[in-house]
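Residues take their numbers from the sequence shown, with the count starting at 1. Small disclaimer: the values here were computed from a predicted structure and weren't measured.
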Amino acid sequence: MKTIWLILWAAGLLNLSAAAARAENLIRNGGFEEPSADGSLPLGWEKRPGSGQPYIEWDKTGAHTGRASGYVAGGKLEIRAGWQQEFPVSPESCYRMIAWVQADPPGSRYLIGLEYLDRRGAWVSRHNLFGTVSGSAWQEVSEPFATPIDAVSCRITLRAWQDGEVRAAVRFDDIRVEPLPSAKVPAAVNPAVRRARPVSIAEDGVLRVSGQPFFSIGLYDVPSEAFPLIRSWGFNTVMTGGGGEAGQNALDRAQENGLKAIHHPGGAITTPEGRAEIADAVRRLRGHPALLAWYPIDEPEINGITREAVEEAYRAIYREDGGHPVFQTLYYPSAYPIFTKGRDILSIDPYPVPIRPLISIARALMMARKEAQPVWLIPQAFYGVIWPRSPSPGELRCMVYTGLIHGAKGIIYYTFGLPGEPGSWRLPETALWPAIRTLNREVRILAPALLHGKPADIFVESSGTLTRDWRGEEAVHTLALRYRNRLYILAVNLAEEPYNASFRSAPLAATFRLPGRHTGPVRLPLEGRTLGMKDGVFHDRFEGYETHVYVVEQGSLK
């Protein structure tokens, strides 16, 4: 009898331990079993109708567990329809989403969307998980995700994703969202492996080409006939593409014009045949002297590419070429920690104008640097689609300096011209073109300090009506670097008037305090002026989104 009680007691402890280990499910009624008060819907869920004539049913004829599930069917016009639920999250935190899916007919695609909302209920960003249900059996889907800095809630949407002419139909059941114990999802590529590459990445994220530090200043979608023009305009990097002869020709044109190339090797990363095509191109082109990095896919989180496909493509490239890094571009900050095993360089393109304030660039860079090293920035130099206007020269300047201040190790502008849309956008025909030439010259001047400088401490006290935005963030962002007996201080005013669509702000006064009792002068070499400094303190003013670069000589730093 005593033995039986010991067994029962031990079993009880195991059950309690298992229950304790099972994290809290943030989804209410994830199994679709409980009815709402009037019995018309599953408790906690609502229908998102989208457009067209979707079929969204609380299905009680099939389930993974229990008696009920959520059913969604639709064609091309109904892809935004589905079941949805909003739940609370913490900003900059990591979670795992688990769901079970079944398709009728097999082969239907699903989309599980995660939309992040701020404290006002405004949309912040989105992370989409696409997949295909291969057979008739229920399949488990699991995806880690990280929330943006502004997020206080998340809206999950369960959809059928029509692919081709066949109407998609999918059941969803046993939906879970649970916190992850770690602040990060699986770690990025081993830094020791990256350092061993001929085009290598140092511990501080600086790219080295033939052993020399390299700061990339690049541009998307440049036709090869324009390579001489952009080289004369201060660019050193272009985006090229193609396998076989086309890829060889593109890289040859870059080399002839003294440009490095971030190269898309062709081939779709989602199929074995496509990855074989990529591997073949990498074998053919890996020794080209113009090659800087490989670029297998753009914005996988927007284009419905799974983490597994991105990682498979990375491995396919790495098996053929250990000498060049893999470049990856992501738009949504929530995707930064998801695709870590598919990249060596994370490049972010959180285009802000005019849909969000420019300070969002700083927030995105800070989030990216928690997940990757190095991080590059793609400033917005275009308009179209959901961006009804291009940035002004001042806004573009603010973006670039925000990138430099927050640690971007490369700048790649988007874009020379929108592909497939003749006449809609050509950068050399806009007011941004001469502004970019000036920016490129300044970045080249500052590159030695950015690549070799050692961080230094300074203190900034700003005054005025717009020193902080509605989130309470500092208006003046700075980077101080000591390099060759000089102190370089880069500063940008990111202050804005909340909800003001003109994106303009009043002048801002700032006081800079250096440790110790330093004396002046303080030079602003890019502006041709000088400020006085006494006891380590100097003052300056900023217009809305204005930038300044200060240089203090060693003799002033005693």
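Side-chain atoms of Glu301 come within 3.5 Å of backbone N or O of Tyr332 as a donor-acceptor pair. Under the 3.5 Å distance criterion, the side-chain polar atoms of Trp294 are left unmatched by any main-chain donor or acceptor of Tyr318. No donor-acceptor pair closer than 3.5 Å links the side chain of Glu371 to the backbone N or O of Thr340. Proximity of a side-chain donor or acceptor of Asn303 to a complementary backbone N or O of Asp298 within less than 3.5 Å is detected. Without hydrogens or angle criteria, Asn257 side chain to Leu259 main chain gives no donor-acceptor distance under 3.5 Å. In this structure, the side chain of Arg275 engages the main chain of Ile269 through a donor-acceptor pair within 3.5 Å. A donor-acceptor pair under 3.5 Å is formed between the side chain of Asp173 and the backbone N or O of His64. One N or O on the side chain of His288 and one on the backbone of Ala290 form a donor-acceptor pair closer than 3.5 Å. Looking only at distances, a side-chain donor or acceptor of Arg369 sits under 3.5 Å from a matching main-chain atom of His406. At distances below 3.5 Å, at least one donor-acceptor pair connects side-chain atoms of Thr402 with backbone N or O atoms of Cys398.
Counting all heavy atoms, side chain and backbone alike, Pro388 lies closest to Pro354 at CD-CD, 3.5 Å. Shown here for Arg307 and Ile338, the closest heavy-atom pair between the two residues is CD-O, 2.9 Å. Summarising the geometry of Ser108 relative to Ala169, their closest heavy-atom pair is OG-N, 3.3 Å, with the distance given to 0.1 Å. In this structure, Phe214 and Val206 approach most closely via the heavy-atom pair N-CG1, 4.5 Å.
A salt bridge (charged side-chain N to carboxylate O under 4.0 Å, His left out) check over residues 396-411, counting only residues at least two apart or in different chains, returns the pairs Arg397-Glu442. For residues 225-254, the salt bridge (charged side-chain N to carboxylate O under 4.0 Å, His left out) pairs, not counting sequence neighbours, are Arg253-Glu256.
Looking only at side-chain heavy atoms (C-beta outward), Val209 and Lys260 come within less than 4.5 Å of each other. Within the 4.5 Å cutoff, the side chain of His477 has heavy atoms near those of the Ile359 side chain. Inter-residue side-chain proximity for Glu299 and Leu330 is flagged as unmet; no heavy-atom pair is nearer than 4.5 Å. Looking at Asn236 and Phe215, their side chains never come closer than 4.5 Å, going by heavy atoms from C-beta outward. Residues Thr237 and Phe235 have side chains not in contact (no heavy-atom distance under 4.5 Å, counting atoms from C-beta outward). Between Thr240 and Ile262, every side-chain heavy-atom pair lies at or beyond the 4.5 Å cut-off. Looking at Ile412 and Leu219, their side chains never come closer than 4.5 Å, going by heavy atoms from C-beta outward. At a threshold of 4.5 Å between non-hydrogen side-chain atoms, the residues Leu396 and Pro379 count as touching.
Rounding to the nearest 0.5 Å places OH of Tyr414 at 6.5 Å from CZ of Phe382. We find the CD-CG distance between Gln255 and Leu291 to be 10.5 Å, quoted to the nearest 0.5 Å. Here OH of Tyr413 is found 13.0 Å from CD of Gln380. Values are rounded to the nearest 0.5 Å. Taking OG1 of Thr438 as the start and CG of Leu526 as the end, the distance is 10.0 Å to the nearest 0.5 Å. For the atom pair OH of Tyr488 and CG of Leu481, the computed distance is 10.0 Å after rounding to the nearest 0.5 Å. Rounding to the nearest 0.5 Å gives a distance of 10.5 Å between CZ of Phe327 and CG of Leu207.
For the residue pair Tyr110 / Thr132, no side-chain donor-acceptor distance below 3.5 Å is found, with atom types taken as modelled. If you check the side chains of Ser347 and Gln328, you find no donor sitting under 3.5 Å from an acceptor. Looking only at atom types and distance, the side chain of Ser200 has no donor-acceptor partner in the side chain of Arg208 under 3.5 Å away. A donor and an acceptor atom, one from each side chain of Thr329 and Asp349, are nowhere located under 3.5 Å apart. Side-chain contact of Asn440 with Trp233: a donor-acceptor pair under 3.5 Å is absent, judged by distance alone.
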Inset, instruction - Check step by step if side chain to side chain contact (heavy atoms under 4.5 Å, CB included) holds for Tyr116 and Ser334. - result: CA-CA 9 Å; Tyr116 307 109; Ser334 56; 3.1 Å; yes

Inset, instruction - Show your reasoning for whether side chain to side chain contact (heavy atoms under 4.5 Å, CB included) applies to Val89 and Tyr95. - result: CA-CA 9 Å; Val89 294; Tyr95 298 86; 3.7 Å; yes

Legend entry - Arg96 and Glu143: CA distance, side-chain angles, deciding distance, salt bridge (charged side-chain N to carboxylate O under 4.0 Å, His left out) verdict: CA-CA 6 Å; Arg96 184 179 301 279; Glu143 180 83 346; over 6 Å; no

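Not counting sequence neighbours, the partners of Arg315 by the salt bridge (Lys or Arg N to Asp or Glu O under 4.0 Å) test are Glu312.
For Arg284, the CZ atom sits in a loose shell: 12 or fewer heavy atoms of surrounding residues, nucleotides or ligands are nearer than 6.0 Å.
Ring geometry for Tyr220 against Tyr295 counts as perpendicular: the plane angle is over 60°, on a 0 to 90° scale with 30° as the lower cut. Using cut-offs of 30° and 60° on the angle between ring planes, the pair His452 and Tyr483 is parallel. Taking the six-membered ring where the residue is Trp, Tyr351 and Tyr331 present tilted rings, their angle falling between 30° and 60°.
Between Met399 and the options Val492, Ile411, Leu439, Val353, a side chain to side chain contact (heavy atoms under 4.5 Å, CB included) holds for only Val353.
Between Trp100 and Phe172, the gap from one ring centroid to the other reaches at least 6.0 Å.
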